[in-house]
Every structure is written in structure tokens, then in C-alpha cells.
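See structure below.
The chains referred to below are lettered A, B, ... by the order of the sequence lines, with proteins before strands, and numbering in each begins at 1. Reckoned from all heavy atoms, side chains included, excluding hydrogens, waters and symmetry mates.
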Amino acid sequence: SRKVSADIRYLGKKGRLDDCFRVFEQGGVRNKYTYTNLIDACVRCNQLHRAKEVFRRIREDGIVCDTTTYNVLIRGYGRAGRLRDVFDTYNMMLQHEVRPDEFTLSTVISACVHKNMTEEVLRVFKDVRDQGVLLGRPTYNHLLSVLCHSGRVAAAQDVIACMRSDKIIPDSNTFTTLMNGFVRSAHPEKALEVFNDMQQLGLPANAVTYTSLILMYGRLRKISEAFACFDTMVREGVPPDEITYNTLVDICVEANDLDHAVKAFELLKKDPNLQGKISARTFTALMRAYCQDHRIDDALNVLDEMDKAEVKPNTHTYSVLLEACVRSGHAQLAPQIWERMLKSQVTPDSIVYTTYIKCLGKTGKLEEALAVIEDMQKRGLRPDEGVFTTLAEVCIAGGDVAAAHNVLNRLQTQNFRRT
RNA sequence: AGUGUAGCAGGCAUA
């Protein structure tokens, strides 16, 4: 049983879901461990419908599942953004008298980030605490981050009080987490207050802390303050890391400030700690800056620069480029770029495919666009809702309504809900 | 035995 479970887990992490099922069936061991690992594998491979099916089979087999089984399923729903199912599963768990634990809380929190579901999160927090479970610092930090994100300052203060009564002293990470929550809330400037509190308590700020501050200035469209913050960081002896630079470039792009984006990129090049090593992520950020300015040539130059530096582009690189082609009226360049992508051994994902379909549609290549589905399947990729939706739009724009219907019918057979 | 846990980018949908 242990071996079967371990194999399923290993294969699931590798994305080899069919092998997981094979091992499960052939292993002949059916208990809560093998079942739970199988569900987990389905979730990791984004095959929620199979996860649900396995969960149903547990019951039919008369096996009692435990907290972990529910946690794994909840995580699956959370990743799919299906919040109602998250809480339905949670309630089912309580009904069956399976006790939620720290993992449950943390999983629910992850599911609720970016959604305004703080009441529900607080309820789970209360349930778990009522069980007498002592929570660790990471879980508290996680919880605080969601609360700040939703602007629930008072609730966050209550949680900090709970933390202290559990003898967990808020540390630098706690404060940084609070800042991050606020930066993404409706009131990014609150992050600065937290930063000041932190300084007063004498807690050290690290690269994450300063990067959050930089992001805050970006959100407030204060680019020069963001750069000043970067200078302070360096002066205080906190070495910026790659994410700091990426953030700097990104906020300039958001603010439509190409000059500063280039400046941030130059700063990175000069950083002795990074030794001139520039990742695909960073190059892509710079490309976005040019793309936003409709400077496709310059964006393509960045691609050349990557080749020269022997940095392999990734799927983001190409989706950014292709999207820029659509937006800047250069969709005719797409097939060339696509070939270049394949040549550099980048395996396109659904997002790159969707963007490519947009390009093909814009240049009236309906046939090619429709052929994309087969191309994806040949690669063992399951087209997602975005691919189908875009393809249908392209058909309609091309005046072929029948083809659009066809696409939507296929979408239904693929187990997707139509939106 | 198994699940979660501080900062970054792309299409579609959603507001």
C-alpha cells in the first residue's frame, strides 16, 4: 500500500495521470491513502472531473476518508476557482464529523485569495481553533495576508491578538505579509503604515519587504518614489534580488513608462550580485515594455538578445509577443514567430495557442485557426475554455457561424461549462 | 504514509 501510494504521488507530480490510474488499478490496494493520493494526482494534473469521480468511488468501496482526503479535494476546487464547491466540501466534511485541521484552513485560504470570501475564511479559522488546533506562524501569516488584501484591518488585528495569545510573536515576515496584502487591496498606501510600524518595532526589512513597497508605489503610479525606494534599499544594505528588478520593470510597464522600464533593466544588468545573469522572466518583462509602446521591432530585438545570451524563451515570452502582434496590427508576423518558437524548443501551452488563434483570425486564416485544436491534441494538450471561446469568436468574425456552433459543441463534449 | 503555508509576468472568461 505504501509503495502504491508513493508511486501514485510521484507520477502525479510528474503529470503522468494515466500511469497513476494504471498503478492504482493494478496495485489492487484500495484504502484511504491510495485513494487520497489518486485524487491528489488528478488535482495536480488539473483533471478535477476525474478527482470527483474517484472521490465518489471511495464511498462505493465503503472506505472512510479522512481529513487529508477532504483537504486534497478542497484544494482541487480552489484551484479551479469553484468556491461554492470548496465550501460545500468543507460542510460535507463537518457533517461526516471529519475534523478540519491546519491544512484545511490553509487550503481554504489559498482558495479564497483574490476572492472576497473573508467571512467564510474566518469561520473556518474559528472552527479549527475551536478544535483546539494550534496554528503555526506560516498559517497565521497566510491568513493575515488574505484579510489585509480584502481590507479587513480590524479582523487582521483580532487575528494578531490570537497569534500573541498562542505565544507566536509577529516577526518581519508577518509584517511583510501584511504589507503584501494591503498592496493588492483597494488601499495600497496602508502598506506604508505597516512598514513604519515595522521600523518602529526595530524589525529588519528584507528584499521582500522593499519589493512590496516598490510595488505599492507602482500601484499608486509613483514611479520616481519607487526608484527612490530602490535606492534606499541599496543604501540600507539590503541586496535587491531578481524579483525586485522584475517588479520595477513591471510597474513601469503598467504606468506606460518605457524609459523607466529600460532604466530598471539597466540597473539589473549592473547588479554585481546577479552577475549579469538575466532570466527569461526578466527579458520578457522588458519585451512587454516595448510591446506596450507598439515597438514590435524592439521586442524582437530583445528576443535576439536572449538568443545571444543563450537564455531560452518560455511560453510567456511568446504569448506576450503574439498578443502584441494582434494589438499593434502586426498579426501577419505571427506564423514566423510561431515557427521560431517551435525551433527554440518551446512547447506552447493553451495561452500561447489562444493568442496564436487570435493572430490567425485577424489575418483571415480561419482554416489554420480551426486546425489548432488537432495540433494541440497531437501534443497531448487539452484545449481549455479560452481556446474554444476564442476560436468561436474568430469563426464569427470570419462570417462562419456554422463553424462557431461546431466549436461550441465540441467544447461541451470536453466537459466544460459554457460561460 | 498522503495534502497547505510571505513578494513577480501572458490569452479567454469574470467584475
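Look at Arg327(A) and you won't find any side-chain N or O under 4.0 angstrom from OP1 or OP2 of rG10(B). Note on Arg75(A): every side-chain N or O is 4.0 Å or more away from OP1 and OP2 of rU5(B).
Ring pair His260(A)/Phe227(A) is tilted by interplanar angle, where 30° to 60° counts as tilted. Ring pair Phe283(A)/Phe265(A) is tilted by interplanar angle, where 30° to 60° counts as tilted.
Scanning atom types as modelled, no donor and acceptor separated by under 3.5 angstrom connect the side chain of Asn71(A) and the base of rG2(B). Checked by distance alone, Asp66(A) brings a side-chain donor or acceptor within 3.5 Å of a matching partner on the base of rG2(B). The base of rG7(B) lies close enough to the side chain of Asp241(A) for a donor and an acceptor atom to sit less than 3.5 Å apart. Looking at Asn206(A), its side chain comes within 3.5 Å of the base of rA6(B) through a donor and an acceptor atom. Between the side chain of Thr139(A) and the base of rG4(B), a donor-acceptor pair under 3.5 Å is found. Between the side chain of Asp40(A) and the base of rG4(B), no donor-acceptor pair of N or O atoms lies under 3.5 Å.
Looking at heavy-atom distances under 4.0 Å, Val253(A) makes no contact with the nucleic acid at all. His316(A) comes within 4.0 angstrom of a base, heavy atoms only. Within the nucleic acid shown, Glu102(A) comes within 4.0 Å of at least one base atom, counting heavy atoms only. Residue contacts for Val352(A): at a heavy-atom cut-off of 4.0 Å it reaches a base atom on one of the strands shown. Thr107(A) comes within contact range of the sugar-phosphate backbone alone, with a heavy-atom separation under 4.0 Å but no base atom that close. Residue contacts shown for Ser1(A) include a base, since a base heavy atom lies under 4.0 Å away. Counting any heavy atom pair closer than 4.0 Å across all strands shown, Thr389(A) reaches sugar-phosphate atoms only and no base atom. Nucleic acid contact for Thr244(A): base, since at least one base atom lies under 4.0 Å from a heavy atom of the residue. The residue Thr315(A) sits close to a base: some heavy atom pair falls under 4.0 Å. Here Asn116(A) lies out of heavy-atom contact (under 4.0 Å) with every strand. In this structure, Thr355(A) reaches the sugar-phosphate backbone alone: every heavy-atom distance under 4.0 Å involves primed, P, OP1 or OP2 atoms, never a base. Asp171(A) comes within contact range of no nucleotide atom at all, as no heavy-atom separation falls under 4.0 Å. In this structure, Arg2(A) reaches the bases: a heavy-atom distance under 4.0 Å links it to at least one base atom across the strands shown. Counting non-hydrogen atoms under 4.0 angstrom, Lys358(A) reaches the backbone sugars and phosphates but no base.
Taking the six-membered ring where the residue is Trp, the centroids of Tyr70(A) and Phe55(A) are separated by under 6.0 Å.
rU5(B) atom C1' lies 12 Å from atom CG of Asp101(A), rounded to whole Å. Look at NZ on Lys13(A): it is 9 Å from C1' on rU3(B), rounded to the nearest Å. As rounded to whole Å, 15 Å separates atom P of rA9(B) from atom CD1 of Ile214(A). When rounded to the nearest whole Å, the span between CD of Glu242(A) and P of rA9(B) equals 13 Å. Note: NZ (Lys32(A)) to P (rG2(B)) measures 12 Å, nearest angstrom. Computed from coordinates, the Phe175(A) CZ to rG7(B) P distance equals 18 Å when rounded to whole Å. We find that CZ of Phe24(A) is positioned 18 Å from P of rG2(B), with the value rounded to whole Å. Whole-Å rounding puts the Leu134(A) CG to rU5(B) P distance at 21 Å.
The side chain of Arg184(A) sits closest to rG7(B) out of rA6(B), rG7(B), rC12(B). Side-chain proximity of Asn180(A) to rG10(B), rA6(B), rG2(B): nearest is rA6(B). Of all nucleotides listed (rU5(B), rG11(B), rU3(B)), rU5(B) comes nearest to the side chain of Pro138(A). Distance from the side chain of Ser110(A) is smallest for rU5(B) among the nucleotides rG2(B), rC8(B), rU5(B). In the set rG10(B), rA13(B), rG7(B), rG10(B) carries the atom at the smallest distance from any side-chain atom of Arg288(A). Nearest to the side-chain atoms of His142(A) among the listed nucleotides rU5(B), rA9(B), rG10(B) stands rU5(B).
Using a cut-off of 4.0 Å between Lys/Arg side-chain N and Asp/Glu carboxylate O, Asp171(A) and Arg137(A) are scored as salt-bridged. A salt bridge links Arg340(A) with Asp307(A): the closest approach of a Lys/Arg side-chain nitrogen to an acidic carboxylate oxygen falls below 4.0 angstrom.
With no hydrogens or angles considered, no side-chain donor-acceptor pair links Tyr90(A) and Arg123(A) at under 3.5 Å. The closest side-chain donor-acceptor pair between Ser279(A) and Thr282(A) falls under 3.5 angstrom.
No cation-pi contact links Arg16(A) to Phe21(A), judged by a cut-off of 6.0 Å to the six-membered ring centre and 45° from its axis.
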